[in-house]
Structures are given as structure tokens and as C-alpha cells.
Amino acid sequence: MLIPAKAEVARQLRRYRAWERAMLAAPSDRAVRATFEDAGYTLCVLMGKRCAREAAEAAERSLRGGREGCLREPGGGPPRRRGGVRRAPPAKPCSRAARH
């Protein structure tokens, strides 16, 4: 697995954030929006993510230290979540009252 250089991750993350601010300041400017989307795409490719927001979060995690911002965990699976919101409903109700 290839791991992106931290200097390049930092550079692309700064570029993405700068164009994000510019796009929020001028949302109707098509040139700014196109450049922002290009910066997001570049960050996605670099971080191995499908969404620019996820790529930016992965880049920030990568720059903070751990390897969790990289493409995959060492075991080959997707990055594990720490805490956070449960995405699926529980398999069984918590009590008898919950079934009625």
C-alpha cells in the first residue's frame, strides 16, 4: 500500500480549505466552484476516499499522527470508527416494553 507524503497531504488540505472558503464567500462564481471541486477531487485521490469531506477528515487525522487517515487499516479492512453515532438500529429490542 502506498502512503501519501505528509507534506503533500498538508499542501493539498491547505489548498482544499482555501478554495472551500473562497467558494463559501462567492457561491455563484463558477470558476471558484470548479477549482474547489478540483481541489476536492485531488484530495479524494490522494487519500483514497470517495467524498471530499471524508478525504479532508482523513487528511487531518493523518497529519495529527496516526495511520487511521490512510487508505486502509493494517488488517486490510476499512478504517474503524471510534465512538460516534450508531448507524443501524439494534438487532433486538432492549426490553420487553420496547416490543409493544
Side-chain angles (χ1 to χ4, degrees):
M1 164 179 40
L2 295 176
I3 299 173
K6 287 196 180 234
E8 185 63 20
V9 171
R11 189 174 77 81
Q12 292 300 329
L13 182 60
R14 280 192 309 269
R15 180 176 179 255
Y16 173 78
R17 293 296 185 202
W19 283 108
E20 180 181 42
R21 286 188 301 274
M23 199 270 309
L24 290 172
S28 61
D29 187 335
R30 290 184 183 194
V32 170
R33 179 173 292 274
T35 308
F36 168 65
E37 289 174 358
D38 180 57
Y41 176 78
T42 302
L43 198 57
C44 285
V45 171
L46 185 65
M47 300 308 297
K49 300 293 182 182
R50 292 185 177 177
C51 170
R53 187 174 301 140
E54 289 176 4
E57 290 170 0
E60 289 168 349
R61 282 192 306 270
S62 175
L63 293 172
R64 275 197 297 262
R67 291 190 53 180
E68 59 265 3
C70 298
L71 299 176
R72 293 187 179 266
E73 287 291 312
R80 289 182 232 142
R81 291 187 174 269
R82 292 193 174 105
V85 179
R86 184 180 174 117
R87 301 265 182 216
K92 295 181 182 179
C94 295
S95 68
R96 291 183 67 127
R99 284 190 246 167
H100 298 293

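Remember, predicted model here, so these are calculated numbers, not experimental data.
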(message) Just to verify, what does Ala18 make a side chain to side chain contact (heavy atoms under 4.5 Å, CB included) with, not counting sequence neighbours?
(response) Arg21
(message) Going by the rule salt bridge (Lys or Arg N to Asp or Glu O under 4.0 Å), which residues pair with Glu8 if we only count those two or more places apart in sequence or in a different chain?
(response) Arg11
(message) Distance check, rounded to the nearest 0.5 Å: Arg30 atom CZ versus Arg33 atom CZ?
(response) 10.0 Å
(request) Indicate yes or no: at least one non-hydrogen side-chain atom of Glu20 is less than 4.5 angstrom from one of Arg17. (result) yes
Give every donor-acceptor pair under 3.5 Å between a side-chain atom in residues 34-42 and any protein atom, sequence neighbours left out.
from: Thr35; atom 1: OG1; to: Ala31; atom 2: O; distance (Å): 2.9
from: Asp38; atom 1: OD2; to: Arg15; atom 2: NH2; distance (Å): 3.1
from: Thr42; atom 1: OG1; to: Asp38; atom 2: O; distance (Å): 3.0

(message) Just to verify, what does Asp29 make a side-chain hydrogen bond (donor to acceptor under 3.5 Å, both in side chains) with, not counting sequence neighbours?
(response) none
(request) For residues Ala10 and Leu63, report the shortest heavy-atom separation together with the two atoms involved. (result) CA-CD1, 3.8 Å
(request) List the atom of Cys44, the atom of Cys51, and the distance in Å for their closest heavy-atom pair. (result) SG-C, 3.4 Å
(message) Give me the atom names and distance for the closest heavy-atom approach of Lys6 to Ser62.
(response) NZ-O, 2.7 Å
(message) Applying salt bridge (Lys or Arg N to Asp or Glu O under 4.0 Å), can you list everything that pairs with Glu54, at least two apart in sequence or on another chain?
(response) none
(request) Sequence neighbours left out, what passes side chain to side chain contact (heavy atoms under 4.5 Å, CB included) with Ala22? Give chain and number order. (result) Trp19, Val32
(request) State the CD-CG distance between Glu57 and Leu13, to the nearest 0.5 angstrom. (result) 11.0 Å
(message) Looking at every non-hydrogen atom in both residues, tell me the closest pair between Pro4 and Val9 and how far apart they are.
(response) CB-CG2, 3.7 Å
